[in-house]
Asker: 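Before anything else, here's the structure in question.
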Protein chains: 2
Amino acid sequence: MSDVRNVHPERVAAIPGWDYEADVVVVGYGVAGASAAIEAARGGADVLVVERTGGWGGAAALAGGFIYLGGGTSLQKALGFDDTPENMEKFMTAAFGPGVDEAKVHDYCQGSVDHFDWLVAQGVPFKQEFWGEPGWEPPADQGLMYSGGENAAPFNTVAVPAPRGHLPQMDNKRTGEKGGGFMLMKPLTETAESLGVRAEYDLRLQRLIVDDTGAVVGLVAKRYGKRLHIRARRGVVLATGSFAYNEQMVRTFAPLLAGKPGSAIEEHDGIGIRVAHALGAQLAHMDAIEVAFFADPQMMARGILVNGRGQRFITEDTYGGCVGQEVLIRQRNEAFLIIDEAALEQANNTRSSTSGMRNRPPTWVAQSVEELEADMGLPTGVLQATVAVYNRHAENGADPLLGKKSEWVEPIGTPLAAYDLRDSTNGFTLGGLRTDLDSRVLHVSGDPIPRLFAAGRCTSGICTGGYASGASLGDGSFYGRRAGRAAATA
Amino acid sequence: MSDVRNVHPERVAAIPGWDYEADVVVVGYGVAGASAAIEAARGGADVLVVERTGGWGGAAALAGGFIYLGGGTSLQKALGFDDTPENMEKFMTAAFGPGVDEAKVHDYCQGSVDHFDWLVAQGVPFKQEFWGEPGWEPPADQGLMYSGGENAAPFNTVAVPAPRGHLPQMDNKRTGEKGGGFMLMKPLTETAESLGVRAEYDLRLQRLIVDDTGAVVGLVAKRYGKRLHIRARRGVVLATGSFAYNEQMVRTFAPLLAGKPGSAIEEHDGIGIRVAHALGAQLAHMDAIEVAFFADPQMMARGILVNGRGQRFITEDTYGGCVGQEVLIRQRNEAFLIIDEAALEQANNTRSSTSGMRNRPPTWVAQSVEELEADMGLPTGVLQATVAVYNRHAENGADPLLGKKSEWVEPIGTPLAAYDLRDSTNGFTLGGLRTDLDSRVLHVSGDPIPRLFAAGRCTSGICTGGYASGASLGDGSFYGRRAGRAAATA
């Protein structure tokens with residue numbers, strides 16, 4: 001067994017001495033870690049953040065920056081959208097499961113308005129502008145957008161649609177350095193620093209240190225091969241991210257994602273989950289995955305998506321992450337976009353941040369559906385039947401099969417084209433440690449593991465099956481704060 | 001925290017004394033436990049089986065009794081079927097994943113012929129008769145049957161089809177007491193008894209007992225509220241079954257199965273998984289589930305199955321468990337069987353053990369597809385399109401969309417009917433402890449937990465996604481034997 005894989009806990013009696021000490025030790029300086037550090041410091045604790053890379057930021061600083069919030073935030077109100085915690089909870093319960101942690105979703109919705117205000121108070125900027133077009137992200141620095149299919153079937157009949165993707169105002173997206181995620185992390189880490197939070201970089205978590213009662217009292221880390229011992233007088237907060245880059249864990253728990261990690265960083269190797277698991281920590285929803293789909297939402301909304309059998313399977317005007325999960329999990333990672341020439345031209349003339357597909361030629365172009373069907377190698381008749389049924393109702397602006405909104409429904413004409421979107425997905429893992437509402441890590445017996453806390457994507461959060469953009473920075477920051485507060489008083 | 005949920009390991013120093021002692025203690029007297037007990041005894045160990053019910057048998061004794069074996073067993077050969085370990089491995093790799101444990105599947109295929117001979121040597125009877133009709137089980141005491149879709153699309157193009165469902169010869173199925181599962185368990189437990197294996201009943205596992213090095217040296221159990229301590233001088237074998245009846249675990253790991261446990265027994269509450277997890281044992285594929293589908297395979301093969309959108313999604317002549325998984329996992333638990341009057345009459349005249357649907361009237365009967373579609377509440381045109389495409393190719397005896405074998409392909413005529421098969425699934429869990437080829441339970445660090453072994457459905461076995469009937473009695477008995485052998489020499 002290589003030393004890297006060894007996560008057996010160490011007994012405090014065997015520790016020769018401490019290289020660093022703090023009341024609260026936070027592992028990982030992404031959004032969960034920064035939020036935890038701030039609240040632990042405000043709770044009166046002396047806080048040390050240990051981070052394995054050379055600087056703060058984590059996956060958050062590289063992300064678009066969506067934070068999933070609602071229930072009537074001041075930004076939602078200012079832009080004219082009605083929302084309530086109850087309405088938000090209805091949507092999340094329907095969209096983020098199956099198997100949602102009901103207590104956590106309720107708690108998150110109840111605290112969401114306050115959490116937005118807290119982010120603003122830490123200096124996170126949000127521009128009062130709404131972006132209403134289909135897309136993964138706004139094209140510029142707009143602050144609010146639908147980011148989870150709230151305004152699309154089937155969810156638009158479950159709850160009153162409200163946009164909840166809150167986006168920190170980017171400074172200059174072209175540089176790639178001051179996007180929404182960066183503009184979230186910068187004020188949070190500055191706040192932490194102003195509160196006296198210390199940070200040590202290039203320190204890699206190896207194992208937890210426990211006392212005879214099983215309480216966590218520190219951790220073993222490595223810096224350039226040197227073993228270090230770090231004492232946590234009150235508690236340890238794990239904020240180490242997902243296991244998307246741990247190939248063995250992905251194969252073991254979420255094999256559909258094997259070989260396609262995305263929207264994560266290579267440091268997301270599951271170490272926080274593993275060190276806690278070694279203490280008997282509960283895991284939850286280890287198969288749940290976020291899935292991105294490489295297709296232009298403006299094109300999708302104007303066309304139809306079919307699976308490997310030439311059948312429609314999802315409303316094309318919904319959140320791309322819903323499409324991604326559907327394609328990878330339920331359609332064997334097979335999808336094709338069928339779109340006519342007129343619709344393609346329309347889509348290409350829209351503003352969008354998702355320009356990847358714009359200049360990409362279709363895989364097949366044809367003068368008739370019959371010809372396209374043959375070119376695609378589909379059995380005779382299946383695509384013709386799919387388009388005929390779609391067009392029959394599209395004449396009336398309706399999509400009774402899947403509920404696409406009539407603004408996007410037009411009969412498919414000729415000439416037309418198809419894009420081969422097989423194997424056009426990647427993503428990250430959503431499963432991890434089970435925590436309670438105070439971010440305490442729970443033992444498989446149900447009781448908290450003393451002095452061990454966790455938040456962010458090393459935990460199972462508000463998404464146990466479905467996803468919305470912003471859910472990870474959302475529950476990471478929300479339960480990161482809880483972890484910091486709880487650890488400070490542990 | 002209630003005492004029942006507390007699975008924290010006990011330290012041996014705190015144990016007041018031993019109520020029972022043995023070299024090897026096997027927990028659970030189902031197929032994995034019985035196989036482990038036999039081999040441990042043959043390995044020279046003094047063996048005690050502790051079982052929480054009042055008698056031997058477990059879920060196995062109540063099961064139909066399929067054991068998934070192949071590679072050229074004497075039964076396969078006698079009935080004229082060619083199979084090799086390599087051919088079997090090809091099928092299992094394609095059908096039982098994604099994420100199959102490649103080493104385990106290879107090992108299982110290589111040892112399968114020998115394992116069949118071992119079962120025969122223990123006195124398990126197999127009748128040399130093949131049953132070739134679609135169905136969940138043979139109608140009588142036939143000994144061999146396709147039980148995993150080997151002879152249906154898409155698997156019949158991946159590997160040479162060979163039936164691998166080996167069924168112990170039942171004595172008198174009508175009594176319900178001497179079915180195939182009973183006829184498997186009776187000789188195994190008689191063999192164990194003849195080897196001096198002791199059994200204690202009504203003993204419920206609570207926790208494991210460990211020494212200072214982390215080795216498992218015994219267990220805490222309860223009998224009618226009385227706490228008992230059982231010493232295992234060489235090792236403990238966990239053979240406690242699935243977690244299908246642990247509602248919280250199902251919601252946490254396999255929420256699609258919540259509220260619908262099936263083909264399991266109420267004792268399958270995940271206790272073996274939980275006590276080992278508390279020691280840091282690895283888990284694997286916790287979302288994987290077996291899914292039964294309540295429909296007559298003879299009727300399915302002669303009709304077409306459509307999902308909630310009126311689209312076909314699986315070849316209807318395949319194994320019912322493939323249909324069940326597809327329906328529950330990928331079709332939102334929605335399915336309808338469309339069948340015409342002539343085909344329905346044919347199906348009703350076949351011999352089958354699955355008579356549940358036979359006398360059930362269709363949900364809808366209609367004179368035309370258009371009428372049926374309207375009665376079912378489907379959007380106009382979708383079912384008509386599905387049937388038209390099917391019939392177009394059926395005229396030539398072909399099913400290019402899904403590959404149903406031509407012997408089952410007939411155009412759908414009128415009058416016709418539909419059965420509402422929504423929410424017609426149940427099943428059990430396939431995820432659990434990760435074990436190596438010697439059935440040693442692996443720590444999250446990758447090393448074995450000293451003196452802890454496991455087999456059967458408390459482990460992740462040969463099925464990590466797909467399933468075939470017989471896979472659980474198959475890997476339970478195969479790796480039960482390994483566990484017994486390894487524990488005897490621990």
Side-chain angles (χ1 to χ4, degrees), chain A residues 1-2 5-9 97-100 214 250-256 258 273-275 277-288 309-313 329-332 378-382 384-386 388-389 392-393 398-402 434 443-447 460 464-465, chain B residues 1-2 5-9 97-100 214 250-256 258 273-275 277-288 309-313 329-332 378-382 384-386 388-389 392-393 398-402 434 443-447 460 464-465:
Chain A
M1 179 180 54
S2 78
R5 293 178 60 202
N6 180 3
V7 291
H8 285 279
V100 288
V250 168
R251 278 188 58 84
T252 297
F253 291 116
L256 292 173
I273 298 171
R274 296 177 66 238
V275 294
H277 184 163
L279 301 184
Q282 279 189 56
L283 307 179
H285 299 287
M286 295 297 281
D287 62 314
R309 298 186 293 271
Q311 303 160 333
R312 286 181 73 216
F313 57 90
I329 299 170
R330 287 178 284 275
Q331 307 297 335
R332 301 173 196 279
L378 288 167
T380 307
V382 297
Q384 295 179 67
T386 296
V389 171
R392 172 184 195 145
H393 297 285
D399 176 25
L401 191 65
L402 287 155
R434 185 197 284 283
H443 188 266
V444 66
S445 290
D447 50 323
S460 176
T464 58
Chain B
M1 179 180 52
S2 78
R5 293 179 59 200
N6 181 2
V7 291
H8 284 279
V100 288
V250 169
R251 277 188 58 84
T252 297
F253 291 115
L256 292 174
I273 299 171
R274 295 177 66 238
V275 294
H277 185 162
L279 300 185
Q282 278 189 57
L283 307 179
H285 299 288
M286 294 299 281
D287 62 314
R309 298 186 293 271
Q311 303 160 331
R312 286 180 73 215
F313 57 91
I329 298 169
R330 288 179 283 274
Q331 306 297 335
R332 300 172 197 280
L378 288 167
T380 306
V382 297
Q384 295 178 69
T386 296
V389 171
R392 173 184 195 143
H393 296 285
D399 176 25
L401 192 65
L402 288 155
R434 188 198 281 280
H443 188 266
V444 66
S445 290
D447 50 323
S460 176
T464 58

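All values below were derived from every heavy atom in this structure, side-chain atoms included, with hydrogens, water molecules and symmetry-related copies excluded. Note on naming: letters A, B, ... go to the chains in the order of the sequence lines (proteins, then strands), and numbering restarts at 1 for each one.
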Asker: Given that the side chain runs from C-beta out, which part of R392(B) has a heavy atom under 4.5 Å from chain A: side chain, backbone, both or neither?
Answerer: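 It is the side chain, since no backbone atom gets that close.
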
Asker: My understanding is that only residues two or more places apart in sequence, or in another chain, count here; which of them pass salt bridge (charged side-chain N to carboxylate O under 4.0 Å, His left out) with R330(B)?
Answerer: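 Scan of R330(B) (salt bridge (charged side-chain N to carboxylate O under 4.0 Å, His left out), adjacent residues dropped) gives E326(B).
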
Asker: With chain B, which of L283(A), T464(A), I329(A) has the greatest number of heavy-atom pairs at distances under 4.5 Å?
Answerer: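 Answer, by heavy-atom pair count under 4.5 Å with chain B: L283(A).
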
Asker: Is chain B contacted by the side chain of A258(A), its backbone, both, or neither, given a heavy-atom distance below 4.5 Å?
Answerer: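 Neither part.
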
Asker: Which bit of L378(A) comes within less than 4.5 Å of chain B, counting heavy atoms only: side chain, backbone, both or neither?
Answerer: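 Contact with chain B is absent: no heavy atom of L378(A) under 4.5 Å.
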
Asker: With a 4.5 angstrom heavy-atom cut-off, could you sort out which part of A254(A) is near chain B: side chain, backbone, both or neither?
Answerer: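 Contact with chain B is absent: no heavy atom of A254(A) under 4.5 Å.
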
Asker: Below 4.5 Å from any heavy atom of chain B, which atoms of T380(A) appear? Answer side chain, backbone, both or neither.
Answerer: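 Interface part for T380(A): both.
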
Asker: Got a sec, which residues hit salt bridge (charged side-chain N to carboxylate O under 4.0 Å, His left out) with R309(A), two or more places apart in sequence or on another chain?
Answerer: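 With neighbours one apart ignored, the set is empty.
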
Asker: Does a donor on one side chain sit under 3.5 Å from an acceptor on the other, for D447(A) and H8(B)?
Answerer: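 Looking only at side-chain atoms, H8(B) and D447(A) do form a donor-acceptor pair, the distance falling under 3.5 Å.
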
Asker: Between V389(A) and chain B, which part of the residue has a heavy atom less than 4.5 Å away: side chain, backbone, both or neither?
Answerer: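 Contact with chain B: side chain only.
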
Asker: If I measure from the heavy atoms of chain B, does L401(A) come under 4.5 Å with its side chain, its backbone, both, or neither?
Answerer: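 Contact with chain B is through both the backbone and side chain of L401(A).
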
Asker: Sort H277(A) into side chain, backbone, both or neither according to what part of it lies under 4.5 angstrom from a heavy atom of chain B.
Answerer: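 Both backbone and side chain of H277(A) come within 4.5 Å of chain B.
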
